[in-house]
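Below, read A as the first sequence line, B as the second, and so on, with proteins coming before strands; counting in each chain starts at 1.
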Protein chains: 2
Amino acid sequence: MPRPRASRLDPERRQTLLAVAAEEFAEHGFDGASYNRILERAGFSKGVAYYYFEGKDDLYAAVLALTLDTLAQRFGAWQRPADADGFWRALRERYFALTTHIVNDERSARLLRSMSQARTHPKLQEAWLRFEGPLVAWFQRVLADGRALGAVRGDVPESLLLTSLMGIGQATDGWLLEQWAHSGVPALQRGAEQVFSLFEDLLVPKPVGPPPAKRR
Amino acid sequence: MPRPRASRLDPERRQTLLAVAAEEFAEHGFDGASYNRILERAGFSKGVAYYYFEGKDDLYAAVLALTLDTLAQRFGAWQRPADADGFWRALRERYFALTTHIVNDERSARLLRSMSQARTHPKLQEAWLRFEGPLVAWFQRVLADGRALGAVRGDVPESLLLTSLMGIGQATDGWLLEQWAHSGVPALQRGAEQVFSLFEDLLVPKPVGPPPAKRR
DNA sequence: ACCAGTATTAGACCAGTGGTCCAACCATCG
DNA sequence: CGATGGTTGGACCACTGGTCTAATACTGGT
């Protein structure tokens, strides 16, 4: 939790600090980033830094909060679609918006990726909980809506679907970047299309019967 | 890469060092682990340590190699099944063996989990490459066999399937542990069953046609 | 038996880490 | 004016992974 007096810090200095910190954290991740270096570059002395922030983890949390706010703002709220088709259209739209965003804003993307370290990092658990909550809640609403519309399977715990979805999403994020790096934008779009089809295969209700007929 | 002379180190002392290191790395992850503490506990001086190992990363790699060797040995080689049914049976068997192993051997499990940090850690890239290769190769063989047998879809790049599979596997690993912690062994088994069904849904060839009929 | 040369060892030492602490500064208020 | 309390710089701390050196143990050759 940031110190209450953090809000009293001159907005301009605060902005500088957060920008420098974002750069450093994005570049090196949480552990790799040097707090001393951040403070030096931002022109902060130790005393000031620890006066306004509790420490490295607190600053990291502040940076993350900023990034996530921007992201959330960009995507707007989730509204329950009218039917299953609408559900998939809405989801697809978000996913593609997200991939474009990740490709276009490298710093935010790296920062977001560093969050995966945060989940297991002992010093970041508090920070993680602050962000996991809203994020998970968002996904849960989406999944619940999907179920209500018959667009998402109900034969498996929602928490499992959620976990799997985020796992795939994170793993394929790296894969997409590779596609992009190797073969450019068209490959990225094709790749995103294929990733999304995996999401569908995972979430769509399964036919009741025995194993599907073989093709080929 | 471990120093060549590492093999000349007294096997007993080596064993002690690796055991202590495994404990420390499993407990705290790579960054969190203290090299100094490991050396102290194992009764090694700095001089000896750096004489036989290149550094923290090298020691970590050695520990990881040991763990993965044990794991590989335990599971034996993958042999191409006769048909699609055999493929799924073989895969299912491995997966359940893995989950039991992870539940029973906490230290190895934690160590394996720490590998996900290794993938992106700058100091561990060399170590990562040494282990990523064989692991990915194993999965690739499995997937290729599955395709040849018509048990695995061919409409999406193999690399994407591989990435997604490992992503889900990793994400659901944590989920399974939660199930186990909350509701005991039966829940774990049920959970593993469900996770595996997700694997199937992801990998199985998809029917050509339009969206599946709604249930409920 | 002796010595040269190499393998091995302990630990002082180094720059850098995140974090603590305190003396000084400065503004406001009585 | 003095007192109070919010600010500030930076010395300092224990610890990090890593380097280096000087001493010791061990070797083979003469």
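Side chains of His121(A) and Asp31(B): a donor-acceptor N/O pair is absent below 3.5 angstrom, by distance only.
At whole-Å resolution of the value, CG in Leu39(B) and P in dT9(C) are 13 Å apart. Straight-line distance from the CD atom of Glu40(A) to the P atom of dG18(C): 12 Å, rounded to whole Å. In this structure, the NE2 atom of His28(B) is 11 Å from the P atom of dT16(D), given to the nearest Å. dG18(C) atom P lies 11 Å from atom CG of Asp57(A), rounded to whole Å.
Within the 4.0 angstrom heavy-atom criterion, base atoms lie near Tyr51(A). Ala33(A) comes within 4.0 angstrom of sugar-phosphate atoms only, judged by non-hydrogen atoms across all strands, and of no base.
In this model, the phosphate group of dA15(C) is not approached by any side-chain N or O of Arg37(A) to a distance below 4.0 Å at OP1 or OP2. Side-chain nitrogen and oxygen atoms of Tyr52(A) include at least one within less than 4.0 Å of the OP1 or OP2 phosphate oxygen of dT8(D). A sub-4.0 Å separation between OP1 or OP2 of dT8(D) and a side-chain N or O of Ser45(A) is absent.
Taking 3.5 Å as the limit, the base of dG19(C) and the side chain of Lys46(A) contain a donor-acceptor pair of atoms between them.
Atoms CG and CG, on Asp173(B) and Leu112(B) in that order, are 8.5 Å from each other to the nearest 0.5 Å.
Within the 3.5 Å criterion, the main-chain N or O of Leu202(A) finds a donor-acceptor partner in the side chain of Arg153(A).
Residue Trp88(B) comes nearest to Phe199(B) through the heavy atom pair CH2-O, 4.3 Å, listed as atom of the first residue, atom of the second, then distance.
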